[in-house]
Amino acid sequence: MEGLTLSEAEQRYYCDLFSYCDTESTKKVAPNGRVLELFRAAQLPSEVVLQIMELCGATRLGYFGRSQFYIALKLVAVAQSGLPLRVESLNTVKDLPLPRFVGPKNEQELRHTALYSSDADNSTPYSGVIPPPPGRVQVKKGSVSHDAVQQRTSTDQQESTSPVVSPQQSPPTSPHTWRKHNRHPSGGNNDRPLAGPGPFWAPFSEAQPGSSATGDPIWSGHSPPPHQENWVSFADTPPTSTLLAMHPASVQDQTTVRTVASATTANEIRRQSSSYDDPWKITDEQRQYYVNQFKTIQPDLNGFIPGSAAKEFFTKSKLPILELSHIWELSDFDKDGALTLDEFCAAFHLVVARKNGYDLPEKLPESLMPKLIDLEDTTEVGDQSGEIGYSSSPAEAPPSKSPSMPSLNQTWPELNQSSEDTAIVHPVPIRMTPSKIHMQEMELKRTGNDLANPTSPLLVKPPDLSEENNVSSSKFVAGNTVDGYSSSDSYTSDPEQIGSTVTRQRSHSGTSPENTAPPPPPPRPHPSHSRSSSLDMNRSFTVTPGQQQAGVVAYPPAVPPRPPPSQGVGPHVHRPVDAESLIAHTSTSPQQIPEQPNFADFSQFEAFAASSVNEEEENEIETHSEVLQVEKPSDSAGSLRVSKTDGRVEDKAAASVPVNAGKGTTPLAPPPKPIRRRLKSEDELRPEVEEHTQKTGVIAAVLASQPSIPRSVGKDKKAIQASIRRNKETNTVLARLNSELQQQLKDVLEERISLEVQLEQLRPFSHL
Amino acid sequence: MAVCVAVIAKENYPLYIRSIPTENELKFHYTVHTSLDVVDEKISAMGKALVDQRELYLGLLYPTEDYKVYGYVTNSKVKFVMVVDSSNTALRDNEIRSMFRKLHNSYTDVMCNPFYNPGDCIHSRAFDNMVTSMMMQVC
């Protein structure tokens, strides 16, 4: 050992560094690891470091005593100055700048350097200060951490003054880091062959097992990884620098004080500030390392690592199984029991972070998400919540809805491989729903995946389904309506419309035993109307004849059950007398008379029609033209309904069209329809009605010839107009209802299809 | 609302059991235990020939005055038992089915985790979250 004269600043600096490295407070820098890290952070070539070690005598001694440490530091300064390493240079070189070290601990040293070099200049560096290293200290308690913190803070301060420090310089040391980390996976044994500075590692490995069990090895082993975190943060968080600038200020004070308490506070502050960074980001160096590790297990980068191999690999990291299990849950994004390259990198990164003391997040951080399809802006930085992350990778295979995971595994490899291609694709369809509903998305995607890349409609549908799980019952009813329509079933007289629709639904989707609970029936549009008219009926009357026929054909059967046929027209009918008379008239068709008061007119009309049919259409031309026109729509409506089952709608529709066009009394049409539907047995009346409606084409002549309607015209007009208004209102409401129900039906049908496909897939696995 | 969710292994020991009113846990444990007999009865009633067509959802196992117990068996004889509050009359059968389906999905996720040994207690956080959501949703 040469005599070493240090300037005051150097003395202080070296003393600090020694304290920092003296993790065991033994006054001898026993843990070579720390010193080695320091030297690595000095960004010197490894051979230079080796040389320094030799020169200072540490290799001889096997440890860094204080003097050796000081000599080494001085040599580092010499080397950093570009001077050749000579023992003589220790004392001969004057005005040697303090050694600069890069990295978290080195930040502290640099800060120390700044401290010593410019005591008063501590405020200025803060402006561009780099975020302090993430607070991993919270896990590691003890003086070590505090020292490290203090060192770090000083380094942080120094960091600003040493623009040389940059992320780019850090990567070279990361391989060392990872090698160190590898030690851990390999159980801390020294079997792992290490390329590079062998002597470094030998003392390190010796130091490791020998170091205290309180986590010192982990400390030394893991301090490098946070370097990368810091480096990342250096590069990534200029906006946070202002925020973090505050921290170094406080840290600065604390470092000067150098109390444990202050260090802790600084730690916490730093930890908080680090949360603004993205500690979960993987640097290129790390990624490269992960990829290399991946290759050792699975040579094909597009392939995936089976769960068992991954389990063995990560078990080497000596983390508790529970934590490894959680890491797996986070990183196995597609839940297929295997890790793709992205997933593996994420898992490895999480393991490293955990070993460094980071708590595992509840959700996968966004930066660790396997990036497949990025439909959303992944603008969140440093936010460990997986919310955005989920949305950012919508293409990930969704959790399977069905228990047949094996099928997923079978189908997933191809998908995984394809997903390895940058930016794309999985054969997952584009999300229809907002990506914020990622959980649903995951669920749905899994379903889609489980269907082995089902067609887009299916995949699209689950999002819709999930979206519309809470859809109003009306939609469901609508769906059922359409369904019923398609089946052209006649509605049962079930007062519970939903019940009937559900029944129908089940009958149609018999293969899918698990249906979503049918929503409650939609509220009746008009309380006064005891039935809802068919929209098609309305439409059929409102549209052109051509459309009308089509509309007539598309007869939505979703009409609430009509009141019992035996019920007479209610008292709220405008003309109860007439209704009754009509009823009396149409004794043969009592059922045609709707009970709803509003439709009393129609019933009257129907009855009238029936009666008129019976009576040979005794309508007057002028006075009863209105009535007739009203009647006709009703008749045609009734006939439409009838024809829905009988297929005679077209005629009636055609007949009713001119009437409707002439009068616009479409609203009148729907009401009679339900009655018609229920009264299939009333065929006798239908023909009459049909005849009547058919005759409407010859209205004028017929009207003239027909006998007068058994009711006053004035009353009729008023009643008709009132009922027209009411029915128009009903019409609009029902039109809306219809559209909703139709949409709902589509969704339900799609869901049913998907469920059926799932069931088909489940069949092979139904026995174990 | 599900007040208690339990996952029972093939050998009829619990892999996971959690109830919402945490003070009456023992009562729910006992209920789930007794319901296992009903589950076995239902399974055996199907007969071996019907194993393929046996539906996973068993339906209402038995009702009591306070709550109802529903059961679900997977093909590997892992049973899911759910106890729901009787006062929640709006809970339809389909909703129960969907809840069991979610349970089954989460269970398969847990099984896929290579660090999970079949037969261990389930400690998965994702599984816990799912069960929590199920217990809270129908409140």
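Computed from a prediction, not measured in an experiment: that's the story for all the values here. Just so it is clear: chains get the letters A, B, ... in the order the sequence lines come, proteins before strands, and each one is counted from 1. The analysis underlying the following values was restricted to heavy atoms, covering all of them including side chains, and did not include hydrogens, waters or symmetry mates.
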Report task. Let me see the working for Tyr67(B) and Thr31(B) under side-chain hydrogen bond (donor to acceptor under 3.5 Å, both in side chains), right down to the final yes or no. Result -> CA-CA 10 Å; Tyr67(B) 46 81; Thr31(B) 305; 3.0 Å; yes
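Defined by atom type and a distance below 3.5 Å, a donor-acceptor pair is present between the side-chain atoms of Thr34(B) and Tyr62(B). Looking at Arg18(B) and Thr132(B), their side chains do bring a donor and an acceptor atom within 3.5 Å of each other.
Among residues two or more places apart in sequence or in another chain, the salt bridge (Lys or Arg N to Asp or Glu O under 4.0 Å) test is passed with Glu760(A) by Arg763(A). Remark: Phe294(A) engages Phe344(A) in a ring pair (Phe, Tyr, Trp, His ring centres under 6.0 Å) (not counting sequence neighbours).
Ring geometry for Tyr16(B) versus Phe127(B): interplanar angle over 60°, hence perpendicular rather than tilted (30 to 60°). In this pair, Tyr72(B) and Tyr57(B) present their aromatic rings tilted. The plane angle is within the 30 to 60° band.
The stretch residues 5-15 of chain B places none of its residues near chain A, where near means some heavy atom under 4.5 Å from a heavy atom of that chain. Within residues 117-125 of chain B, the residues that have a heavy atom under 4.5 Å from a heavy atom of chain A are Asn117(B), His123(B), Ser124(B), Arg125(B), listed by number.
Heavy-atom distances place the side chain of Leu322(A), and not its backbone, under 4.5 Å from chain B. Using a 4.5 Å cut-off between heavy atoms, Ser308(A) contacts chain B through its backbone alone, with no side-chain atom that close.
Checked by atom type and distance alone, the side chain of Thr108(B) pairs as donor or acceptor with a backbone atom of His104(B) at under 3.5 Å. No side-chain donor-acceptor contact under 3.5 Å links Ser106(B) to the backbone of Leu103(B).
Enclosure of atom NE2 in His29(B) by more than 12 non-hydrogen atoms of other residues, nucleotides or ligands within 6.0 angstrom is indicated.
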